[in-house]
Structure formats: C-alpha cells, structure tokens
Amino acid sequence: MNIPVISIVTDPENLFDYETGIYVSGKTREDALIQGLDTANAANFLNGWEKDATIEYYEPSKGKTFDMEASLSVISDSVSFDRQKNLCLNIKNADHTEFMGSSLTDYISENGRINLSQSFSDNEFKLRNYVVSALAEGLSTSAMDVCPCVVFLDGEYWGLYSLKAYYDEKYIKSRYNLPDEDVIIHERQEYGQEFNSFIDYVSKTDLSVQANYEEVESMLDIDNFLEYVCLNIFVGKSSFKPSSGTAWRTVSSDGTGYADGRWRFMSTDMASTLYMSAKETPTINTYLQPGIQSDLLLQSLLMNDGFCKKLVATMEKMIGENFAETTWESKIDDLVDRLKKPTIASYSRFYGNLSNSLYDQEVDNIKAFLLFGSTFLA
C-alpha cells in the first residue's frame, strides 16, 4: 500500500476523559443539556482544546522521516460530531530545515500546523479531491493539494485521512516558484481590506467599456480566473462563489509571470462535486446557483463581451484537454488502485461495511459525470 503513516501518541485521557477529553462530547454537552441550553454547539470537541502529543511520520517506504512534539486538537467544523473527526497538529518549536528530507514538510504550514481531513461529505469514498486535483494538472489555478495518509492514534488504527496543504505564503511560493517574492493572501486579516477594495472597484465599474476592462486586466490575471471558474463549474461545485476562493498576489508588480502583482485564485475543498448530491449532476446548470449569481466579481466581468467569449473558449479548451477521457481515465484508475482498499478499511473502522461493488459504482458515477459533462457542455 503506497500510502504514508502518521502515528499520534498522547495520554488517553486527553482524548476520552469525560471532563477534559477532546474527542468526546463529555461534560461540556451535559452541562449545556441540564441548563436547557442549545447543545448543537456544546461538546468538549468544540472547545478548541489542545493536548500534548508526539507525532511520527513514516514514508510509503515505511522509513520514519519525522518525529516531533506537537499539540493535538479536533477541528471545529461541519463534521465535528462525526465518528471520524478532522484533526489538527501544531508542531512545537517548528524548524522546517530539520526535516527537509521528509515528504510531510510539504503539508506543514509556515506556522507549523498540519491538517488531517476525513474528507467531509465524501468521507465514504474519499476520492473527489484527488480526482479534481488530477483534472487541474497543468492549470494556473490550483485545486486542493492532498495526500492520503493512514493514521494511528495511541497505537489504534484510526482510518484513512488526507493531508491537506495550507494555502499560505510557503505553499504559494513553492507552487508558483516565487522564492524571492513577498506574497499577499486576501484571507489574512491584514490584507482583506485591500482585496475588498479591488472587488468594490470591479463591481462599481462599467466593464462593458473596454478601457475599464483593460484596467481590471492589469489587476487580475484573467486567464487564471477563467480556469478557476471553469474548473469549479464543470465539476458542479454547488457552493462555489468565485470571489470567496483563496486569492493571492505578489507585493511587487515589477516582475513577470506570476510575480506581476495581479490577483490570482486557488480552489478550495472539492468534496461536494461530481455527483456527490442532486446539486452536483452533469446536467444541472451550476451557473444558476446562488453563489455564482450573487458574485459581484464574476457578474461584473460578464458585462464585457471579450470576457464572455474568452470564458467560452476556455471551457472548450479545458473540455478538450483537462476533462477529456484520454486525460483522466488512467489517472482515476491509478487513484482507485491506491485509495480503494484503505478507504473501505477506514469506512469499516467507523461506520460498518462498505462493499467493493458500492465503491466501484461510485467510481463509475464519477466517470459517467465526466463523460456526460464533456458531451453536454461541448
């Protein structure tokens, strides 16, 4: 099985103690219950508590390349009440140079955090983020950078997780080969107003006037934005709102390529795509979903005829290349060969039996989505 392993060791009471355990609802929930309070947001695992732990990382070759002290916490999100919860490791006194030979370093944030995701709505099959990432290969926009990882918690098998790279300055510099550039990410509080000012300018400017559109082109990488929009629309992401993705730019605008100071976008989690629900079918018009219809950035750009023509051309190009069966068929088959067995084992660990035939049917559904989507949109 060509998958790395993370071992997390902590005092069992840190996890399951009634009063202080971070993996149980515990005293926090029952205190709220007896007081007649809302228990939907009351549980030990929603308190953000961190507990001391030791983490070891073993490469697919099974050689240990990482061993450090860390704090362990349960991520408070939409799957906090699930049996398999999302976890966060925060490395103490992180020194990225100490373990440069470890593949884990690619998934450690610049401030020493590691995100272990159980895949949200795709927890049963744990496949969609990997498929969309494969579809996005070669594009200037980025899908989630994920790596499957088997987790052991105090020596007990804790299922299959995904290591998810953090969209921070460290990741962007590596992904876009910008080692000598300072990078702004709009999600950071100190830069949010700058990005909001950009959106405000675009939304209040008549972009049907070519001179105005060309001014926006100097602030936004249009080709990158179009790839980003087409990728999310094609895979049917029903929660997609273009301006809510991760936007970044270099501080300097004097460089070339990705160092030109223009805003660019990266896609967020893709679990809710590719037939995940009735909102993510190949025939449904994703463009009509509220996130796109209310997005001031995209709707303003659509006022320009040249942008509209370029949007159509970009989608047609991606259908012929990124979304072509000859491109994705072998990639999906390789992903299934790697992920099917550990995914079934993980599901069985927490929820009961997941048959081979049911998993294969889900893979067929994803392939059918891509086949029909290419024909339907072409």
Side-chain angles (χ1 to χ4, degrees), residues 132 135-136 139-144 167 184-188 191-249 253 260-274 276-319 322-323 373 376-378:
V132 178
L135 294 175
L139 299 178
S140 64
T141 189
S142 175
M144 291 302 303
Y167 280 168
I184 290 172
I185 303 173
H186 92 277
E187 291 173 318
R188 290 189 174 182
Y191 300 126
Q193 185 54 50
E194 182 177 341
F195 180 75
N196 291 338
S197 295
F198 162 70
I199 297 295
D200 187 62
Y201 171 78
V202 174
S203 64
K204 294 179 179 178
T205 302
D206 183 359
L207 298 189
S208 65
V209 178
Q210 187 60 23
N212 293 340
Y213 177 73
E214 290 173 0
E215 177 66 19
V216 171
E217 282 187 301
S218 71
M219 297 183 282
L220 172 70
D221 184 338
I222 296 293
D223 292 334
N224 164 270
F225 184 72
L226 286 168
E227 288 180 349
Y228 161 74
V229 169
C230 289
L231 176 66
N232 281 270
I233 288 179
F234 185 89
V235 299
K237 186 171 182 179
S238 59
S239 61
F240 180 51
K241 182 175 175 61
S243 59
S244 293
T246 296
W248 67 275
R249 71 173 185 84
S253 59
D260 60 8
R262 293 189 294 170
W263 288 107
R264 292 177 168 87
F265 283 83
M266 300 186 296
S267 297
T268 53
D269 190 89
M270 290 289 190
S272 295
T273 60
L274 300 171
M276 188 68 252
S277 77
K279 291 183 177 181
E280 293 103 22
T281 73
T283 53
I284 202 166
N285 188 349
T286 307
Y287 178 78
L288 293 178
Q289 60 97 344
I292 290 181
Q293 289 292 303
S294 65
D295 192 79
L296 298 178
L297 176 58
L298 177 59
Q299 296 302 324
S300 296
L301 286 164
L302 288 170
M303 295 171 62
N304 184 272
D305 184 59
F307 178 86
C308 294
K309 291 178 180 177
K310 203 168 188 178
L311 173 61
V312 173
T314 301
M315 180 65 86
E316 290 177 344
K317 182 175 185 292
M318 291 173 66
I319 287 173
N322 298 78
F323 307 141
F376 187 72
L377 288 173

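Not measured: the values here are computed from a predicted model.
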Would you find a donor on one side and an acceptor on the other, under 3.5 Å apart, between the side chain of Tyr228 and the backbone of Gly245?
yes
Donor-acceptor contact below 3.5 Å, side chain Ser203 vs main chain Asp200:
yes
Contacts of type side chain to side chain contact (heavy atoms under 4.5 Å, CB included), residue Ala247, not counting sequence neighbours
His186, Phe195, Trp263, Phe265
Asp269: side chain to side chain contact (heavy atoms under 4.5 Å, CB included) partners, not counting sequence neighbours
Phe120, Asn129, Lys164, Ala271
Restricting to salt bridge (Lys or Arg N to Asp or Glu O under 4.0 Å), what partner residues turn up for Arg264, sequence neighbours left out?
Asp221, Asp260
Checking the side chain of Ser218 only, and the main-chain atoms of Glu215 only, is there a donor and an acceptor separated by less than 3.5 Å?
yes
Quick one: does Thr268's side chain get under 4.5 Å of Thr246's, heavy atoms only?
yes
Rounded to the nearest 0.5 Å, what separation is found between the CG atom of Leu207 and the CE atom of Met303?
6.0 Å
Identify, with sequence neighbours excluded, every residue that meets side-chain hydrogen bond (donor to acceptor under 3.5 Å, both in side chains) alongside Lys279.
none
Sequence neighbours excluded, which residues qualify as side chain to side chain contact (heavy atoms under 4.5 Å, CB included) partners of Thr286?
Ile233, Ile284, Gln289, Ile292
For the atom pair CG (Leu297) and CZ (Phe198), what is the distance rounded to the nearest 0.5 Å?
5.5 Å
Tell me the salt bridge (Lys or Arg N to Asp or Glu O under 4.0 Å) pairs involving residues 291-311, sequence neighbours left out?
Asp223-Lys310, Lys241-Asp295, Asp305-Lys309
Side chain to side chain contact (heavy atoms under 4.5 Å, CB included), that's the test. Do Asn232 and Met270 meet it? Break it down for me.
CA-CA 8 Å; Asn232 281 270; Met270 290 289 190; 3.1 Å; yes
Within the 4.5 Å heavy-atom criterion, are Ser243 and Leu296 side-chain neighbours or not?
no
Side chains of Leu311 and Leu301, heavy atoms from C-beta outward: is any pair under 4.5 Å?
no
Within the 4.5 Å heavy-atom criterion, are Tyr213 and Thr205 side-chain neighbours or not?
no
Contacts of Thr281 that satisfy side-chain hydrogen bond (donor to acceptor under 3.5 Å, both in side chains) - sequence neighbours left out
Thr283
Taking C-beta and beyond as the side chain, do Asn304 and Gln210 meet within less than 4.5 Å on heavy atoms?
yes
Residues at least two apart in sequence or cross-chain that pass side chain to side chain contact (heavy atoms under 4.5 Å, CB included) with Ser140, listed by chain then number, are Asn224, Glu227, Tyr258
Any residue meeting ring pair (Phe, Tyr, Trp, His ring centres under 6.0 Å) with Phe307, in chain and number order, not counting sequence neighbours:
none
Sequence neighbours excluded, the answer for side-chain hydrogen bond (donor to acceptor under 3.5 Å, both in side chains) partners of Ser277 is Glu280
For Glu217 versus Ile222, what's the shortest heavy-atom pair and its separation?
CG-CG1, 3.7 Å
Who pairs with Asp206 by side-chain hydrogen bond (donor to acceptor under 3.5 Å, both in side chains), at least two apart in sequence or on another chain?
Ser208
Closest non-hydrogen atom pair between Gly291 and Ser294, with its separation:
O-OG, 3.6 Å
Please round to the nearest 0.5 Å and tell me the distance separating atom OH of Tyr167 and atom OG of Ser267.
6.5 Å
So which atom in Leu231 and which in Met318 form the shortest heavy-atom distance, rounded to 0.1 Å?
N-CE, 3.9 Å
Dump the intermediate steps for side chain to side chain contact (heavy atoms under 4.5 Å, CB included) on Phe234 and Asn322, then the final yes or no.
CA-CA 11 Å; Phe234 185 89; Asn322 298 78; over 6 Å; no
